[in-house]
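First comes the structure, then the notes that go with it.
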Amino acid sequence: MTDSKDNLLYYGDNLDILRRYVKDETVDLVYLDPPFNSNANYNVLFAEKDGSKAASQIQAFSDTWTWTQESESTFAEMVTTGGRVSDCLQAFRTFLGECDMLAYLVMMAPRLVELRRVMKPTANIYLHCDPAASHYLKMLMDAVFGAEHFGNEIVWQRTNAKGLAFTRFARNHDIILRFTKSSKSSWNPSYTEHDPEYLAKFYRFTEPETGRRYRLDNLANPNKNRPNLTYEFLGVTRVWRWTKERMQKAYDDGLVIQNKPGSVPALKRYLDEQEGTPVGDIWVDILPVQAQAAERLGYPTQKPQALLERIILASSNPGDVVLDPFCGCGTTIAAAQTLGRRWMGIDITHLAITLIKQRLKDSFGIKQVGRPAPSEKSEITKVGEAQVKYGAAIDRHFHVLGEPTSEPDAEALAVSDPYQFQWWALGLVGARPVEQKKGADKGIDGRIVFQGDKQGSFESVILSVKAGKTGAAHVRDLKGVLDREKAAIGVLISMQEPTAPMKTEAVTAGFYESALWGKKYPRLQLVTVGQLLEGRQIEMPPIKQVNATFKSAPKSTKNYSEQNELDI
């Protein structure tokens with residue numbers, strides 16, 4: 001079991017991770033945006049230029065939404081435990097039959113049960129889902145958490161209605177279901193800025209000496225039968241809200257004014273003392289991630305960080321632990337890090353893990369380190385004005401669990417899942433995976449882009465990953481791809497040590513010479529997984545000038561002055 005004091009990123013199936021590593025009642029807030037169907041798979045990071053999905057990634061997840069023997073086994077496991085979840089799943093099967101939707105609900109059931117186990121009594125859970133599945137998921141969550149612990153059904157307008165809908169109204173919203181572990185859940189009221197029309201109508205006055213905007217409020221008591229509060233003040237007799245002493249004190253402080261003799265005194269209500277408009281359960285003020293947004297990372301279902309910040313601010317406090325078991329490109333993690341919360345993220349692809357690691361580095365300058373021994377203390381530093389105001393100590397590093405850390409681990413991954421091995425190996429050098437179209441020439445598994453000698457020009461490093469036996473023929477093939485693609489550098493990543501003929505073949509490729517950096521780099525390089533695990537990197541010009549390999553996440557610059565303040 002893991003210590004929730006660490007920031008943790010897990011590679012693996014979240015059900016297995018939750019059961020093996022996460023202790024009971026250690027999490028303060030859960031947010032999850034589980035994939036709904038294979039046509040909109042959250043793990044497909046990189047599509048072809050023509051819009052087609054990456055075949056290998058679809059293959060990796062194609063059974064998630066189909067009724068299979070594994071679905072049947074999970075269903076039997078959940079039903080035989082009895083209780084409300086068992087009753088709910090049996091009712092679903094009777095109503096739906098063995099369809100894709102039932103497979104999805106059966107996949108979600110044990111995960112929700114485990115998430116409830118790891119939640120503290122004060123914890124909240126937010127499940128982000130498609131309206132096509134939200135009603136089924138709400139019933140399932142009623143069974144897991146209890147209908148009495150239902151908090152909200154939030155409607156988030158993710159886009160404006162577009163196009164002509166000839167058979168239905170345009171679909172432009174998601175559903176976010178909020179449940180609590182108990183009646184003692186954490187809650188911080190949320191507010192947005194007042195509507196400008198409301199301000200213009202009600203806050204019509206401004207103090208010349210201070211510039212403070214205010215409105216006038218009635219001081220009369222609605223209860224007319226209050227003899228003790230009936231008195232004359234500034235020549236006006238009324239049943240007042242306050243005692244005469246309190247009224248006089250407010251008048252002396254300049255808070256009670258009389259516009260003219262004989263008029264009823266009124267109370268100043270300053271705009272800067274008002275909390276704003278309470279946030280309701282229909283959210284139209286947070287835009288989706290736009291095509292040109294700085295935070296856009298190319299992830300098809302990426303959610304705006306402002307959405308997660310609102311959730312985290314409302315249902316957790318500085319230093320709390322936030323868990324996202326389907327963490328994708330890491331928006332929940334980035335929001336938690338920004339707001340001074342600790343975090344745990346889980347994802348089943350090395351593509352997502354690599355993207356999150358890059359995002360944490362770009363946005364916060366924090367790095368991955370090895371898993372600490374139980375006796376070691378985490379290196380904690382207060383960073384940034386926002387975190388200092390929150391009073392939260394933020395980890396300057398994080399740990400990744402489930403990734404290969406040795407050559408035997410890498411060999412095991414290569415045998416069990418070649419695609420994941422390839423993505424993991426490319427992640428060691430910061431390369432973006434490349435998917436080939438059907439019938440296209442093979443030979444490129446990944447690519448890195450760096451600044452060329454001329455302003456605005458870019459060069460490529462192409463990579464080939466081999467888990468099995470390698471020989472000189474593989475080097476010759478890569479040299480041919482290198483020439484065909486007119487790439488600057490080619491790299492062959494292998495499990496095995498290169499043979500003498502492979503090294504000779506690589507030398508014949510010559511050098512790439514960078515006038516900008518005044519240095520020569522071997523044009524064809526042979527690198528082993530063992531060398532990469534020891535810290536070796538590709539010999540090439542620096543890539544920090546461009547973000548064409550992975551789109552760089554913007555540096556975190558947000559500054560929150562109060563717990564319930566959110567700039568959206």
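FYI, the numbering just counts along the sequence from 1. Atom set for the values below is all heavy atoms of this structure, side chains included, hydrogens, waters and symmetry mates excluded. Everything numeric here is computed off the predicted structure, so don't read it as measured data.
- Counting only heavy atoms from C-beta outward, the side chains of Q525 and L492 never approach each other to under 4.5 Å.
- Heavy atoms only, all atoms of each residue included: I333 and G345 are closest at CD1-CA, 4.0 Å.
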- request: Give the intermediate values and the outcome of salt bridge (Lys or Arg N to Asp or Glu O under 4.0 Å) for residues R20 and E114.
  value: CA-CA 11 Å; R20 292 175 57 189; E114 289 302 315; over 6 Å; no

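- When all heavy atoms are compared, the tightest approach of D347 to G328 is OD2-N, 3.0 Å.
- Using modelled atom types and a 3.5 Å distance limit, the side chains of R359 and T331 yield a donor-acceptor pair.
- Using cut-offs of 30° and 60° on the angle between ring planes, the pair H350 and Y11 is parallel.
- Separating the CG atom in L478 from the OG1 atom in T470 is a distance of 12.0 Å, to the nearest 0.5 Å.
- Going from atom CE of M141 over to atom CG of L137 covers 8.0 Å, rounded to the nearest 0.5 Å.
- Side-chain contact between R523 and I489 is absent, with no heavy atoms from C-beta onward closer than 4.5 Å.
- Remark: the Q90 side chain and the S86 side chain contain an N/O donor-acceptor pair separated by less than 3.5 Å.
- Within the 4.5 Å cutoff, the side chain of N124 has heavy atoms near those of the R178 side chain.
- For S406, the side-chain hydrogen bond (donor to acceptor under 3.5 Å, both in side chains) partners are D409, not counting sequence neighbours.
- No more than 12 heavy atoms of other residues, nucleotides or ligands shown are found within 6.0 angstrom of CD on E70.
- Contact check for T528 versus E497: side-chain heavy atoms found under the 4.5 Å cut-off.
- Going from atom CG of L140 over to atom CZ of F145 covers 9.0 Å, rounded to the nearest 0.5 Å.
- At a cut-off of 3.5 Å, with distance as the only test, no side-chain donor of K303 or T332 sits close to an acceptor on the other residue.
- Here the side chains of L105 and M108 are not in contact, with every heavy-atom distance at 4.5 Å or above.
- To the nearest 0.5 Å, the span separating CG on L428 from CD1 on I538 amounts to 10.0 Å.
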task: Walk me through it: do S514 and Y521 pass the test side-chain hydrogen bond (donor to acceptor under 3.5 Å, both in side chains)?
output: CA-CA 8 Å; S514 171; Y521 304 91; 5.3 Å; no

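- Residues F75 and T80 form no side-chain contact, since every pair of their non-hydrogen atoms from C-beta on lies 4.5 Å or further apart.
- Classified by interplanar angle (parallel below 30°, tilted 30° to 60°, perpendicular above 60°), the ring pair H128/W156 is perpendicular.
- For the residue pair Q305 / T338, a side-chain donor-acceptor distance below 3.5 Å is found, with atom types taken as modelled.
- A perpendicular orientation is assigned to the rings of F450 and Y512, their planes being inclined by more than 60° (bins at 30° and 60°).
- No side-chain heavy atom of I176 sits less than 4.5 Å from a side-chain heavy atom of S134.
- A distance of 10.0 Å separates CD of Q422 from CG of L463, quoted to the nearest 0.5 Å.
- Taking CG of D24 as the reference point, atom CZ of R116 lies at 11.0 Å (rounded to 0.5 Å).
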